Amino acid sequence: MTAAASRSEALASAGTAEPEWLWRSGSLVPWREARVHVNAVGHASVAAVFEGVKAYLAADGRRLLVFRLEDHLRRLYDSARICRLALPYDLDTLRGAVCGLLTANGYRQDAYLRPWAFPQGVIREQMVPAGTICEVLVDSWPFRSLLEAGGGCRAAVSSWQRISEAAMPPRVKAFSNYHNGRLALMEARENGHDWPIMLNERAKVSEGAGACLALVRDGEVVTPSLTSGVLPGITRDTVLTLLRDLGVRVREREVDRSELYLADELFFMGTAWEILPVTAVDGLTVGDGVPGPLSRRLAAAYTDLVRGRDGRHRHWLTEVPLP
Ligand SMILES: Cc1ncc(COP(=O)(O)O)c(C=O)c1O
């Protein structure tokens with residue numbers, strides 16, 4: 001199996017795990033018994049917002065470190081606000097929910113967390129009304145980090161356009177927005193690539209199906225600005241901080257498609273993808289066709305950070321003792 005295929009498999013297979021517990025609206029409930037009435041399915045999928053968070057096993061093997069939990073929860077509230085959904089829990093409660101769930105499920109390995117919220121109760125309106133109170137859930141499952149796996153992926157610019165601020169705000173992490181990335185992903189796979197890159201309504205580079213994107217040229221890192229139709233990625237922000245720590249020049253601006261073809265290095269960045277180098281774009285080799293030196297350096301710095309070896313950004317780590 002190629003490195004790209006094993007990365008894809010690791011990303012895709014994570015969701016089959018059945019943990020013992022799930023956090024639901026204030027308490028831990030057995031995962032298998034967490035059900036909703038069938039009536040909720042349509043509304044839950046159209047008007048639901050979520051987050052994807054990772055808890056890494058610390059390098060000392062004694063604790064889990066939830067990475068940038070507060071920032072993820074803040075983005076959940078931002079998404080809910082834009083969608084006019086009411087979350088009846090404050091940030092401290094949700095932070096406690098995440099930590100308590102990790103302990104209850106007994107994780108002694110890397111775990112992925114999905115806090116999410118959907119309109120509660122029976123809704124018969126065609127459109128979920130503004131201010132609808134949501135149920136809030138936190139689900140979790142083990143995952144295999146790809147940070148030390150090496151390898152890269154083949155990307156292609158999609159014929160599907162990234163959703164725009166004028167129609168479906170891309171800064172909202174809503175399940176319904178993912179139909180856009182899903183169409184692009186299926187097209188990419190159909191054409192023999194691993195992941196799509198989407199352009200926005202101005203034909204400028206936006207992001208991948210579930211990760212932001214950056215290119216390296218002449219020692220400078222360039223990433224599409226936050227008004228290019230991207231989710232304000234927490235990994236993107238982390239990477240920009242790490243690059244500044246490393247003394248690398250960073251620019252956030254509009255990016256043309258043809259700049260991708262001239263890049264020395266190209267990489268996706270996201271909670272799920274972590275740092276994923278792109279080794280070919282639209283069939284053109286990027287750099288030497290293997291992950292470039294800066295991508296590798298960044299992946300190492302990111303690993304040190306999330307595993308607690310680099311103490312410089314300790315405030316980004318929420319410690320949970322192993323059970
Ligand atoms: C559409 C999209 N863009 C970007 C990202 C990266 O965001 P983050 O780094 O906060 O995970 C994600 C991650 O979920 C995403 O779904």
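Counting convention: from 1, in listed order, for ligands and their atoms alike. All of these numbers come straight from a predicted model, not from anything done at the bench.
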*asked:* Could you walk me through whether Trp316 and Asp71 satisfy the side-chain contact (heavy atoms from CB on, under 4.5 Å) test, starting with their C-alpha distance in whole Å, then the side-chain angles of each, then the deciding distance to 0.1 Å, before giving a yes or no?
replied: CA-CA 8 Å; Trp316 281 344; Asp71 296 309; 4.1 Å; yes

*Is it the case that Arg189 places NZ or CZ above or below the six-membered ring of Trp195, under 6.0 angstrom from the centre and within 45 degrees of the axis?*
yes

*Salt bridge between Glu259 and Arg253, side-chain N to carboxylate O under 4.0 Å?*
yes

*Between Asp60 and Arg309, does at least one N-O distance fall below 4.0 Å, as a salt bridge requires?*
no

_Check the orientation of Phe175 and Phe50. Use parallel for under 30°, tilted for 30 to 60°, and perpendicular for over 60°._
parallel

Could you tabulate the donor-acceptor pairs under 3.5 Å formed by side-chain atoms of residues 167-174, not counting sequence neighbours?
from	atom 1	to	atom 2	distance (Å)
Lys173	NZ	Tyr178	OH	2.8

Ligand 1 polar-atom proximity to protein (N/O, under 3.5 Å):
from	atom 1	to	atom 2	distance (Å)
ligand 1	3 (N)	Glu207	OE1	2.8
ligand 1	9 (O)	Ile234	N	3.3
ligand 1	9 (O)	Thr235	N	2.8
ligand 1	9 (O)	Thr235	OG1	2.6
ligand 1	10 (O)	Arg75	NH1	2.7
ligand 1	10 (O)	Arg75	NH2	3.0
ligand 1	10 (O)	Ile234	N	2.7
ligand 1	11 (O)	Thr271	N	3.0
ligand 1	11 (O)	Thr271	OG1	2.6
ligand 1	14 (O)	Lys173	NZ	2.5
ligand 1	16 (O)	Lys173	NZ	3.3
ligand 1	16 (O)	Tyr178	OH	2.2

